[in-house]
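Notes follow the structure.
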Amino acid sequence: MTQVNAKTLLMVLTSHDALGDTGNKTGFWIEEFAAPYFVFKDAGFEITLASPAGGQPPIDPSSELADFQTDDTRRFDNDKEAQAHLASTLILSEVKADDYDAVFYPGGHGPLWDLTDNADSIALIEQFIKQSKPVAAVCHASAALLNAKNNDGSYIVAGKAVTGFSNTEEDAVQLTDVVPFLLEDELQKRDADYQKVADWHAFSVQDGLVITGQNPASSSITAQKLVSHISA
């Protein structure tokens, strides 16, 4: 049953499943979806899921390995309703910022390929900012912010404190030469005030309407910042 005056939140996931030319699969990192999803659900938010292709977005198989399971991923594995929700994402081109109070982008390597230059995603982010609504992203999904601009043509991230998967973390997973670009470098090229902490430690930063998290460990705290912002 829909709550009266419930906050409406859009989560945008990748549809990209190829890890460069390696022959391996990628997609979104399940913990980076599950943790925020349940933060939002437990806060009483009405959640809509979308992806460029619609339907079931690809889960990075590495994120399903035993070492990376958390209470949130286990909760997702036992939640048939959440699984059915994920399997039926809307097509990104059909969603509008007008219908939501905020947007959240889960990470995984997939977004580097299909959300960085996606015209629908860029337009959506620009509309959220124009409407003074927060935009949040975790890990590699900060790439979705790279090419979004303000009305004056400046990059939304320019001069903003932001974070995302660091160069040293990319090096640690041995994908520096596989990814299309290094997120830390690209954010800095757009004059973002890129910030980070030690590899794999939880870190999230908010600067105005832009909320970002560094890595999978940062998923929950990034989502909580978003909840605090739109619940204030």
Side-chain angles (χ1 to χ4, degrees), residues 8-34 36-37 40 46-64 76 82-131 133-149 155-157 164-165 175 178-181 183 186-187 190 210-213 216 219 222-223 226:
T8 54
L9 184 121
L10 177 66
M11 295 182 79
V12 179
L13 296 112
T14 182
S15 293
H16 184 88
D17 70 351
L19 189 60
D21 300 323
T22 63
N24 296 322
K25 293 294 186 182
T26 189
F28 71 92
W29 199 259
I30 187 64
E31 195 274 340
E32 294 175 31
F33 165 75
Y37 182 85
F40 302 138
E46 223 178 275
I47 306 168
T48 297
L49 306 180
S51 62
Q56 172 71 55
I59 299 172
D60 188 318
S62 295
S63 72
E64 297 184 300
F76 176 76
Q83 291 168 28
H85 196 182
L86 179 64
S88 55
T89 67
L90 301 179
I91 296 173
L92 182 58
S93 61
E94 297 176 356
V95 299
K96 295 178 173 62
D98 299 3
D99 298 330
Y100 305 98
D101 294 306
V103 63
F104 187 97
Y105 284 76
H109 282 88
L112 297 180
W113 279 276
D114 74 340
L115 290 176
T116 304
D117 297 313
N118 184 288
D120 295 315
S121 177
I122 292 169
L124 191 70
I125 290 169
E126 290 174 348
Q127 281 300 307
F128 271 99
I129 296 295
K130 189 175 181 180
Q131 294 173 16
K133 296 173 180 176
V135 174
V138 67
C139 203
H140 289 93
S142 294
L145 304 172
L146 284 171
N147 295 314
K149 295 181 177 180
Y155 286 111
I156 281 170
V157 297
F165 207 61
L175 292 174
V178 172
V179 292
F181 57 85
L183 181 55
E186 292 304 309
L187 285 166
R190 283 156 180 75
V210 179
I211 304 168
T212 48
S219 302
T222 305
L226 185 59

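All heavy atoms count here, side chains included; hydrogens, waters and symmetry mates do not.
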>> For the backbone of Thr8 and the side chain of Thr48, can you confirm whether one donor and one acceptor N or O come within less than 3.5 Å of each other?
In response: no
> Can Leu145 and Tyr105 be said to form a side-chain contact (heavy atoms from CB on, under 4.5 Å), step by step?
Replying inline: CA-CA 10 Å; Leu145 304 172; Tyr105 284 76; 5.9 Å; no
> Given the rule in the side-chain contact (heavy atoms from CB on, under 4.5 Å) test, do Leu86 and Phe28 qualify, once you have shown the distances and angles that lead to the verdict?
Replying inline: CA-CA 12 Å; Leu86 179 64; Phe28 71 92; 3.7 Å; yes
> Going by heavy atoms in the side chains, are Pro216 and Cys139 under 4.5 Å from each other?
Replying inline: yes
> Roughly how far, to the nearest 0.5 Å, is NE2 of His16 from CG of Asp60?
Replying inline: 11.0 Å
> Once you round to the nearest 0.5 Å, how far does NZ of Lys149 lie from CD1 of Ile156?
Replying inline: 10.5 Å
>> Does any part of the side chain of Leu19, heavy atoms only, come nearer than 4.5 Å to the side chain of Trp113, both counted from C-beta?
In response: yes
>> Can you give me the closest heavy-atom contact between Ser51 and Gly55, atom names plus distance?
In response: OG-O, 4.2 Å
>> Please report the interatomic distance NZ(Lys25) to CG(Asp17), rounded to the nearest 0.5 Å.
In response: 4.0 Å
> Glu126 and Asn147: which non-hydrogen atoms are nearest, and at how many Å?
Replying inline: OE2-O, 4.1 Å
>> Rounded at 0.5 Å granularity, tell me how far CZ in Phe165 sits from CG in Leu187.
In response: 13.5 Å
>> Would Thr26 and Thr14 count as a side-chain contact (heavy atoms from CB on, under 4.5 Å) here? Give the steps.
In response: CA-CA 10 Å; Thr26 189; Thr14 182; over 6 Å; no
>> Please give me the minimum heavy-atom distance between Leu13 and Pro52, naming the atom from each residue.
In response: O-CD, 3.2 Å
>> Going by the rule ring pair (Phe, Tyr, Trp, His ring centres under 6.0 Å), which residues pair with Tyr37 if we only count those two or more places apart in sequence or in a different chain?
In response: Phe33, His85
> Can you name the closest pair of heavy atoms from Thr116 and Ile122 and give their distance?
Replying inline: O-CD1, 3.7 Å
>> Nearest 0.5 Å, please: how far is CG in Leu115 from CG in Leu146?
In response: 11.0 Å
> Between Ser93 and Asp120, is there a donor-acceptor pair closer than 3.5 Å when you use the side chain of the first and the backbone of the second?
Replying inline: no
>> Please find the pair of heavy atoms, one from Ser63 and one from Trp29, that lie closest to each other, and give the distance.
In response: CB-CD2, 3.2 Å
>> Please determine whether the number of non-hydrogen atoms from other residues, nucleotides or ligands lying under 6.0 Å from atom CG of Asp21 exceeds 12.
In response: no
>> Taking ring pair (Phe, Tyr, Trp, His ring centres under 6.0 Å) as the definition, give me every residue that meets it alongside His109, ordered by chain and number, with sequence neighbours left out.
In response: His140
> Does the side chain of Thr222 reach to within under 4.5 Å of the side chain of Pro36, using non-hydrogen atoms?
Replying inline: no
>> To check you understand the geometry: which heavy-atom pair defines the closest contact between Phe128 and Ala102, and what is its length?
In response: CE2-C, 3.5 Å
> Within a strict 4.5 Å, meaning less than it, do heavy atoms of the Leu92 and Val12 side chains meet?
Replying inline: yes
> Measuring from Leu90:CG to Leu10:CG, what's the distance to the nearest 0.5 Å?
Replying inline: 8.0 Å
>> Applying side-chain contact (heavy atoms from CB on, under 4.5 Å) to Val157 and Thr212, what does each step give before you reach the verdict?
In response: CA-CA 11 Å; Val157 297; Thr212 48; over 6 Å; no
